[in-house]
Amino acid sequence: QQQVKQSPQSLIVQKGGISIINCAYENTAFDYFPWYQQFPGKGPALLIAIRPDVSEKKEGRFTISFNKSAKQFSLHIMDSQPGDSATYFCADILSGTYKYIFGTGTRLKVLA
Amino acid sequence: GAVVSQHPSWVICKSGTSVKIECRSLDFQATTMFWYRQFPKQSLMLMATSNEGSKATYEQGVEKDKFLINHASLTLSTLTVTSAHPEDSSFYICSARKNSGNQPQHFGDGTRLSIL
């Protein structure tokens, strides 16, 4: 069964620190690799996504690093803020479909 | 932008009631929409794929007669939880993807369903 392995499950970071979340995927046919951010009681919001022909993408304080040979991609949050406290999900796509397979999620808490 | 609106955001009803949840793509057309269920502190679990103009496809273990899906237009899908019972209480989330190419899914804000 196709899986997405996300780590860590939870993360506590001091304000101003760097938060790093990792994701290992199986399906190399994905056209992009997304990270979603979910606040309590809300749906996931697309935070940032990277195409497989790019090794790194930066949007403000958020950076995705992509390692195709290792089938891994990671989310880096620079200068982490309390407002970044949320659950983050990566996703892979089920081979031959448009269906997402989500990682187990990482609960990030940024201390003020 | 890619805005998905979900309504209602919260519903409480008595056991045995049927509840309809709407999912609308506001600024794009979506041939395909998805319905998820999420339990507290867990990841999203795909329930079904909603296809405009055709029958929905359900994931293994999801009762199609319990969770009725209708996707009558390119901007609207509905999920009806029929004869709801307390065990159906959950957070239901829809998503939609733009028709062109392999696009990311965009999610609604979810519906908190509580069955008394």
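In this text, all values refer to a predicted model and were calculated from it rather than measured experimentally. Here is the naming used below: chain letters follow the sequence lines, and residue numbers restart at 1 for every chain.
Under the 4.5 Å side-chain contact rule for hydrophobic residues, Ile21(B) and Phe107(B) do not share a cluster. In the hydrophobic cluster analysis, where Ile, Leu, Val, Met, Phe, Trp and Tyr join through side-chain heavy atoms closer than 4.5 angstrom, Met47(B) is grouped together with Tyr58(B). Cluster annotation: Met78(A) is not connected to Val110(A) through the hydrophobic network of ILVMFWY side chains, with a link wherever side-chain heavy atoms come within less than 4.5 Å. Note on Ile50(A): it clusters hydrophobically with Ile77(A), by side-chain heavy-atom contacts below 4.5 Å among ILVMFWY residues. Under a hydrophobic-cluster definition in which Ile, Leu, Val, Met, Phe, Trp and Tyr are linked whenever side-chain heavy atoms come within less than 4.5 Å, directly or via other members, Tyr88(A) and Met45(B) are assigned to different clusters.
Around the NZ atom of Lys109(A), the shell of radius 6.0 Å holds no more than 12 heavy atoms that belong to other residues, nucleotides or ligands. The local environment of NE2 in His7(B) is sparse, with at most 12 non-hydrogen atoms from other residues, nucleotides or ligands closer than 6.0 Å. Annotation: Gln9(A), atom CD; neighbour count of heavy atoms from other residues, nucleotides and ligands within 6.0 Å does not exceed 12.
With a 4.5 angstrom heavy-atom cutoff, Gln38(B) touches chain A only via side-chain atoms. Proximity to chain A is limited to the side chain of Glu59(B), based on heavy atoms less than 4.5 angstrom apart. Heavy-atom distances place no part of Gln6(A) under 4.5 Å from chain B, backbone and side chain included. Residue contact with chain B, scored on non-hydrogen atoms closer than 4.5 Å, is absent for Thr87(A). Heavy-atom distances place no part of Thr32(B) under 4.5 Å from chain A, backbone and side chain included. Contact annotation for Tyr100(A): both backbone and side-chain heavy atoms come within less than 4.5 Å of a heavy atom of chain B.
With chain B as partner, the option from Pro44(A), Pro40(A), Pro34(A) having the largest number of non-hydrogen pairs under 4.5 angstrom is Pro44(A). Between chain A and the options Arg112(B), Arg97(B), Lys41(B), His106(B), the largest number of non-hydrogen pairs under 4.5 Å is found for Arg97(B). Interface remark: of the candidates Ala45(A), Gly105(A), Gly41(A), Gly41(A) forms the most heavy-atom pairs closer than 4.5 Å to chain B.
Between Leu44(B) and Phe89(A), some side-chain heavy-atom pair lies under the 4.5 Å cut-off. Within the 4.5 Å cutoff, side-chain heavy atoms of Tyr36(B) are placed close to those of Phe102(A). Counting heavy atoms from C-beta on, the side chains of Ile93(B) and Lys42(A) never come closer than 4.5 Å. Counting only heavy atoms from C-beta outward, the side chains of Pro104(B) and Tyr36(A) approach each other to under 4.5 Å.
In this structure, OH on Tyr98(A) lies 9.5 Å from OG1 on Thr31(B), to the nearest 0.5 angstrom. Between Lys99(A) atom NZ and Thr49(B) atom OG1 the span is 4.5 Å, to the nearest 0.5 Å.
Under a 3.5 Å cut-off, the side chain of Ser43(B) and the backbone N or O of Gly103(A) do form a donor-acceptor pair. Of the possible donor and acceptor atoms, none in the side chain of Gln105(B) sits under 3.5 Å from a partner among the backbone N and O of Leu46(A).
Between Gln38(A) and Phe91(B) the shortest heavy-atom distance is NE2-CE2, 4.0 Å.
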